Engineer: 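Right, I'll just put the structure down here and ask away after.
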Amino acid sequence: MIPSERTELQKNRGLASMSAQETKQKLLPPVVDTSTALREEISRARSSGRTIAFVPTMGALHAGHISLIEAAENSGAYVVVSIYVNPTQFSPHEDLAAYPRTIDADRAACRDAGVDLIFTPDDAEMYPPGDQTRVHPGPLAETMCGLFRPGHFEGVSTVVTKLFNLVQPDVAYFGQKDAQQALIIRRMVKDLCIPVRIEVCPIVREPDGLAMSSRNAYLSTEQRSRALCLYRALCEGRDMLLHRGTGGSGDQGIQHVVYAMQNTVAKVASPEPEPVTIDYMTVVDAETLEPATKPIGRVMLAGAVRIGETRLIDNLLIDLPADRR
Ligand code: PAF
């Protein structure tokens, strides 16, 4: 723990006359940056009878993260947020160096949301010298974003396993925006017998529908307006599946939906001044992520596009009746 943080923590504990809620609202949450200090704080919370809720993040907190923190808060648990930009989930050409780092604002947001403890490890803490072990996810990681970001989900699975081992939470919160990540983590905790409950919270959107993302900060005003092409495309697909019909049966109908989503991206994000590139637009089974072959049951419409250097992802879940053609 940073010495000034310790003083602050001690000060926090000294404020006996304030209610716990008042105290949390007024003071910045303590920050620990070593596993030893983290374990000390968590074991203190556990001995006072609290359960532990965990929200892993890479910082640059926005309303999407805050909704996860609020869900954790509502469980009544002691809430730990980690802020760590994990290098192993970025490919060499990706935005690791540019990824927004906004610790002061993040800390204030955590205070406002009532977070109990922030964990900000550095690379040496998470990947000790000589580090060589990785958690390799299965087929869920080999589709959609996995095809365009090789090694990404291995990096995510590895760091989340380490964070789970350090925090040992009872429950951990992830966002549906990263739907593939959430499914991989759910599978991973089952497969590796990690005793944590995974909660997945709904996507938080801007008023015009754009999914909240730390990467939205990269968009210029002009790019921001074209970024809506992704959400519009997903809505177009949803509308066809739920209301207008796909104009084909089974597989063919799904293909029509995919074409319609691709066309909507092209239409909404006009090619000027720079083209929007589609990594994928797809309709998949919401649990297995295998391509949907029939418009039946719970499906996910998902997409990833690149606007300039910025890669955006989004998805919509829909439930289709079993007797649909
Ligand atoms: O979703 C994220 O922000 C990251 O992938 C996570 C889960 C914090 C792991 O680095």
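The figures here come from the full heavy-atom set of this structure, side chains too, leaving out hydrogens, waters and symmetry mates. Values in this document were obtained by computation on a predicted structure and should not be read as measured data. In listed order, ligands and their atoms are each counted from 1.
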Engineer: Checking a contact table here: which protein heavy atom is nearest atom 3 (O) of ligand 1, and how many Å away?
Structural biologist: Met58 CG, 3.6 Å
Engineer: Show the atoms of ligand 1 that are less than 4.0 angstrom away from any heavy atom in Thr57.
Structural biologist: 8 (C)
Engineer: Is the shortest heavy-atom distance from the side chain of Arg149 to the side chain of Glu94 under 4.5 Å?
Structural biologist: yes
Engineer: Identify, with sequence neighbours excluded, every residue that meets ring-ring contact (aromatic ring centres under 6.0 Å, His included) alongside Phe90.
Structural biologist: Tyr99
Engineer: Heavy-atom contacts with Val159 under 4.0 Å: which atoms of ligand 1 show up? List them by number with element.
Structural biologist: 9 (C), 10 (O)
Engineer: Taking side chain as C-beta onward, heavy atoms only, is Arg101 less than 4.5 Å from Met58?
Structural biologist: no
Engineer: Would you kindly specify which portion of Leu163 sits under 4.0 Å from ligand 1, judged on non-hydrogen atoms: side chain, backbone, both or neither?
Structural biologist: neither
Engineer: Dump the intermediate steps for side chain to side chain donor-acceptor pair (under 3.5 Å) on Tyr84 and Asp123, then the final yes or no.
Structural biologist: CA-CA 9 Å; Tyr84 176 60; Asp123 290 343; 2.7 Å; yes
Engineer: So between Gln89, His65, Lys177, Gln181, whose heavy atom ends up nearest atom 10 (O) of ligand 1?
Structural biologist: Gln89
Engineer: Please answer whether the main-chain N or O of Met126 pairs with a side-chain N or O of Lys162 as donor and acceptor at a distance below 3.5 Å.
Structural biologist: yes
